[in-house]
Amino acid sequence: MVRHEIEKAIQHALEGMGAGDIAFVVERPGSMEHGDYATNAALAAAKVLKKNPREVAAELQNALGTIEGIEKTEIAGAGFINFWLSNEALADVVRAAHEEGWGTNELYIGKKVLVEYTSPNLFKPLHIGNLVGNIVGESVARLFEASGADVKRLNYPSDIGLTIAKGVWGLQNGNLNAEDIAQLGKAYVAGNEAYESGEAKEKIEEINRALYAGSNAEWSALREKGIATSLKHLHALLARLGTQGFDKEFFESESGPLGARIVRGEVGKVFEESEGAVVYKGEHTRVFLNSQGLPTYEAKEVGLFQLKSEAYPSFDISITVTGKEQTDFFRIVFDALRKLFPGKTDGKDLLHIPTSFLKLTTGKMSSRLGNVITGESLLAEVTEVARNREDVAVGALKYTVLKQGSGKDISFDPEKSLSLEGDSGPYVQYALVRTRSLLRQSAEAKIVEKEFSNIELPRLMLHFPDAVARAAGELEPHHVVTYLTELAAAFNSWYAQERLIVDGEVSDAALFFVQAIEHTLAKGLDVLGIPTPQEM
RNA sequence: GCUCCUGUGGUGAAAUGGAUAUCACGGCUGGCUUCGAACCAGCUGUUCCAGGUUCGAGUCCUGGCGGGAGCACCA
């Protein structure tokens, strides 16, 4: 890596100038006019040396000597030093893009990372929020993998509780088939209505208690059947979204009782009793066991953590992806977990990734679908706009979710996200498709040995691994999205001006170059979990 | 009320304390006998306000104002 060579040279030069311990960065400059890399080292050193920054820059520039791969350096602005790669170094970038490990880094090498995401309510259709969590979680998992980590994908479905009881009531009352996903959905809706209206509130609560206790064979059987149907359907839908199978699924029916037992054993130590409930007093008080002695969401997290650390005792980082409204909740729960399991949490990272709300902006869609927008109906709607291409629809959806930093709400307009013009998943997919189309057609052309040179695109490709590394380090996939859009735009612009295949002949060097772009776009999309179509 | 998040062109976003704040949409203008027009080329800004820290602030700090979320037995 040329960047490391630059860093080494600067460090060495600074030591010679008596400023060896200052912090500096070598980064991508804001504009390509400022070279391929820039450093603020002289600005930082000037402060320590109490000298004029531009003088320090000149001194530093002289002290750098020759750096492999660097053709030119220049002092600019307040005292930046800009670096330009040599043509040979840029050719190396194109070559590197053909290698297996292109775009990977070693940020998390040797680390075991647990990523829990999606976490649906079984019996209920996958909700838009679940969809967002799935998209973010999958990309984060892939970013960790690209950074050398051993990733375990985890799912934590809710398989017991009021939702399930409503569904079981609906199944029984309507005599519906628990093995049919459509009928299962109807059963939940019916149960929910009956509960809300008061028509069967007591009955459903009775079912709920019986399911927890396992005291009614018929109800329990309906529950089991419904769960199996629901899970199967869930896995099929997630596969369509490009989620690789989960390594493990933990269920609330396991985590609840386990968590309750652990919490009960720690009353008077980590937890205390208050108004008949068992609470944890952290930043503020949270209830872990309610006054009936039943585990709340909090205690279930305790059980879940126990299950996770039994399955993967040597994990280094444990991540939970959920809606951002749970941020505060997780802060306190993680705090409690550290007190509860010091041996299992010391030196480990427990992280929560908050996901944004997806706000649909078209009236058309919400009116057609009503208030409840399921992940599946959204996907169907977007697919229709995407000329019936589900892979393009998935790309549009995922791009929209991943293109911005976490914490902000996402406005999603199915029309605009699939607009024929830029800044969308299909835009990047389209650029990729063009490279692939070029490569296909080149296969039928005569390959000739001919010079080919393009500086612009290799200068951009140079920064691909850094974009992935930064996204992985910050847990912010949008850095990759931004980068890919820029690369796709640069490629499209080049493509509009240049012809590759002329009179049935194509230059071997040009072909090699297009392959490099194809690899970069494809690997970038892949790390986001966005489909990489052959044609559109 | 307390706590956390957030405020950037008409709209949606980007910018690890750095250089002339970068893209996209919409709008206007032009481009398909051409390797794919889901594309390309061109035209349009008080970073909410006021102070402060810094060689340098959209970014950090303080105080306002606006938006969102969370604050005891739901998940």
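Note that the structure is predicted; figures quoted are calculated from it, not measured.
Shown for residues 39-47 of chain A: residues whose heavy atoms fall under 4.0 angstrom of RNA chain B, namely A:Asn40, A:Leu43, A:Lys47.
Partner A:Tyr297 forms a ring-ring contact (aromatic ring centres under 6.0 Å, His included) with one of A:Phe329, A:Tyr156, A:Phe288 and no other, that one being A:Phe329.
Between A:Asp423 and A:Lys403 a salt bridge is recorded (basic side-chain N to carboxylate O distance below 4.0 Å). The pair A:Glu7-A:Arg3 meets the salt-bridge criterion, since a charged nitrogen lies less than 4.0 angstrom from a carboxylate oxygen. Using a 4.0 Å cut-off between charged nitrogen and carboxylate oxygen, A:Glu535 and A:Arg436 do not count as a salt-bridge pair. In summary, A:Lys300 and A:Glu254 do not engage in a salt bridge, as defined by a charged side-chain N under 4.0 Å from a carboxylate O.
For B:G58 and B:C23, the C1' atoms lie 16 Å apart once the distance is rounded to whole Å. Comparing the C1' positions of B:U33 and B:U11 gives a spacing of 39 Å, expressed to the nearest Å. The P atoms of B:U59 and B:A15 are separated by 14 Å, rounded to the nearest whole Å. Rounded to whole Å, the separation between the C1' atoms of B:G1 and B:U53 comes to 32 Å. On the C1' atoms, B:C55 is 40 Å away from B:C2, given to the nearest whole Å.
Atom CG in A:Leu500 sits roughly 13 Å away from atom C1' in B:U34 (whole-Å rounding).
For the pair A:Gln326 and B:A69, the criterion of a side-chain N or O lying under 4.0 Å from OP1 or OP2 is not met. Between B:G36 and A:Ser437, a contact under 4.0 Å exists linking OP1 or OP2 to a side-chain N or O.
A:Glu535 comes within contact range of at least one nucleobase, with a heavy-atom separation under 4.0 Å. Using a 4.0 Å heavy-atom cutoff across all strands shown, A:Tyr495 reaches at least one base atom of the nucleic acid.
Within 3.5 Å, a donor on the side chain of A:Glu27 pairs with an acceptor on the base of B:U16, or the reverse. In the interface, the side chain of A:Ser274 is paired with the base of B:A72 through a donor and an acceptor atom under 3.5 Å apart. Residue A:Asn492 places no side-chain atom within donor-acceptor reach of the base of B:A38, judged by atom type and a 3.5 Å distance cut-off alone.
Under the side-chain hydrogen bond (donor to acceptor under 3.5 Å, both in side chains) criterion, A:Gln61 pairs with A:Thr73, sequence neighbours left out.
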Hey, can you pull the donor-acceptor pairs under 3.5 Å for the side chains in residues 273-280 of chain A, sequence neighbours left out?
from	atom 1	to	atom 2	distance (Å)
A:Tyr280	OH	A:Asp335	OD2	2.7
A:Tyr280	OH	A:Lys339	NZ	2.9

